[in-house]
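Data block below; observations after.
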Amino acid sequence: MTEEEKAIQFQQRIDAGEKIEPRDWMPDDYKQTLFRQISQHAHSEIIGMQPEGNWLLRAPSLRAKKILMAKIQDEAGHGLYLYSAAETFGIDRTEMIAMLHSGKAKYSSIFNYPALTWADMGAIGWLVDGAAIVNQTMLAKCSYGPYARAMVRICKEEGFHQRQGYEIIANMSAGTREQKEMAQDALNRWWEPSLMMFGPHDADSPHTHNSMKWKIKVESNDTLRQRFIDRTVEQAHHIGLTIPDKNLKYNKETMHWETSPINWDEFWNVVKGNGPCNHQRLNHHKKYHQEGQWVRDCARAFEEKLKSESAAIKSN
Amino acid sequence: MNTKEALINYSLRLADNSMIAAQRLAEWNSCGPYLEEDIALSNMALDFFGQAETMYEYAAQLSNNNSTADMLAFRRNERQYLNCLLVEQPNGDFAFTMMKQFLYSAFAKYLYEALSASNDETLKGFAERSLKEVKYHFRHSSEWLIRFGNGTEESLTRAQYALDELWRYTDDLFCMNQIDEELISTGISVSSDTIAAKWNFTVKETLQAANLIIPEKFNVIKGGYNGIHSEHLGHLLCEMQYLQRAYPDAKW
Ligand SMILES: [Fe+2]
Ligand SMILES: [Fe+2]
């Protein structure tokens, strides 16, 4: 079969809704797009542990501490599944971490904003995990089997993440004046960045066309963003918080909430590395990766000793 | 001191040990040498937070003065905390943390084993449930010590340094005061002497397998169960209790 015929057959499988598995033939672009996306998704889960980790030691109750700890631990687990899914393309985790450190691989820009108060633990769970659910529910239908399956597992946990965040922010909104102020302030700061999580408008999104054709994505950025907005506006109103957008209005005909244009200059600026925490997040990851080097060396040396000892016993 | 007062104090001691150990482990979040180890460390922290919660709840219930588990954890100061000195020591590197975890979990293992025969139903239940957890902590940390001792020169040096530094806090684990006297005489708790003997045997066995040498000269530091701590505890509490102290009227 020629490459061209393979490509046609591949597209037919995609159109028929079949899942593509690691051993199957696939176009190079499909491979590259998915590897980039899955490895960056994995890095996002791991870098995402940092803003929440910033409040773990200061969590205000035993219950809050346990929930936040379990949530961050879930994110580490998501990172693990996703690194494994990305490894199906023959590149291992160590190499992916090197790509993260060199700047070749990115992670979600949302984690380049600082988590300033405890209310941010609410806002992150509610908005960031809330946006992630919308995106990941769609990705669970993705054409690449290992990614789709990782998303199914992950989505189950994201529901809990979103609820715990909303609970924090709802409790604070119903709390003392200071708590209420913190809750509103957190929403003010996280609202627009969370809308940006869905990526540029479809017309400006370089990968959208191929991703849709290959069913890596089955819905567009703008459709997903609108779904998130409609959900979140209602949730904010329900607990007496104000969406920080003067132009917010409900369109009765479309039955959607309309918002102001998004500041895409800000988005691209953070993507390029100039957000308030880009430097800090990456440095943290590098620092602890380096500090762990002797532990990994020790574990490897020990494994090798065991192997050579057991080989010596066998040869005796 | 009556038995009930002693039991409250003892429950707080157990709770504080777990709470401070958990808080220290939580400091490893996103700082571990492997992702898998990050997950393991947070699992152990979660075990300890759970243990602390159970014992704070019991202490609050016994006190019947409207105190709650959260108040006991977040509103007592450094002289009121009753944990052993070992768990409050700063984490240091991964070898240091694993050494701390090893020395403490070996102790907790024998303590909980003994308390599983307590005639206080709550303590008994707590000890039985928590025993499984600390047995895993013990296994996990022993395995690392053996790797350190048989891995590279650097890992051996780091582990030996950790042992040299931390050994001075191990006598404190087995200290007894009037609380223990009261509770031993009523069959609620147990003498540390038998626990210490078992601990010594197990710890020496693992350290030997890890090529580590117990320091000959060290200054013994004690006092945790009487609320006499190292300077480190105050800083830990400062961070941990920040929101509860800054917004005393808030519910979270
Ligand atoms: Fe996640
Ligand atoms: Fe999440």
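Only this structure's heavy atoms are used, side chains among them; waters, hydrogens and symmetry mates stay out. Just so it is clear, the structure is predicted and the values come from calculations on it, not from any experiment. Per chain, numbering begins at 1; letters A, B, ... match sequence-line order.
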field: Residue selection (most heavy-atom pairs with chain A, distance under 4.5 Å) from E36(B), M19(B), E37(B)
entry: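 Top count of heavy-atom pairs under 4.5 Å with chain A: E36(B).
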Less than 4.0 Å between a side-chain N and a carboxylate O, is that true for [Y] and [X]?
X	Y	result
E181(A)	R177(A)	yes
K307(A)	E303(A)	no
D16(B)	R13(B)	no

So what's closer than 4.5 Å to chain B heavy atoms on [X]: side chain, backbone, both or neither?
X	answer
M121(A)	neither
Q179(A)	side chain
A59(A)	backbone
S61(A)	both
I168(A)	neither
M172(A)	side chain
H284(A)	side chain

Locate the shortest heavy-atom distance separating [X] from [Y]; write the atom from each residue and the value.
X	Y	answer
K65(A)	Q23(B)	NZ-OE1, 2.8 Å
P51(A)	F111(A)	CG-CD2, 3.9 Å
I38(A)	L82(A)	CG2-O, 3.4 Å
G151(B)	A301(A)	O-CB, 3.8 Å

task: Please find out if less than 6.0 Å separates the ring center of Y247(B) from that of W118(A).
output: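 No - the distance between ring centres of Y247(B) and W118(A) does not fall below the 6.0 Å cut-off.
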message: Determine whether the aromatic ring centres of residues H43(A) and Y83(A) are separated by less than 6.0 angstrom.
response: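 So the answer is yes for these two rings.
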Sorted by number, residues from residues 65-73 of chain B in contact with chain A (heavy atoms, under 4.5 Å):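 So far as heavy atoms go, A69(B), D70(B), A73(B) are the residues that approach chain A to under 4.5 Å.
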- prompt: Do any of residues 77-102 of chain B come closer than 4.5 Å to chain A, heavy atom to heavy atom, and if so which ones, in number order?
  reply: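 Expected list: D93(B), F94(B), A95(B).
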Lys/Arg cation over aromatic F138(B): K109(B), 6.0 Å, 45° cone: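 Ring-cation test returns yes.
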query: Do the non-hydrogen side-chain atoms of Q50(A) and N54(A) ever get within less than 4.5 Å of each other?
result: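 They are not in contact (no side-chain heavy atoms under 4.5 Å apart), so the answer is no.
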- request: Take F148(B) and F302(A) through the test ring-ring contact (aromatic ring centres under 6.0 Å, His included) and record every step on the way to the result.
  value: CA-CA 8 Å; F148(B) 295 152; F302(A) 182 67; 9.9 Å; no
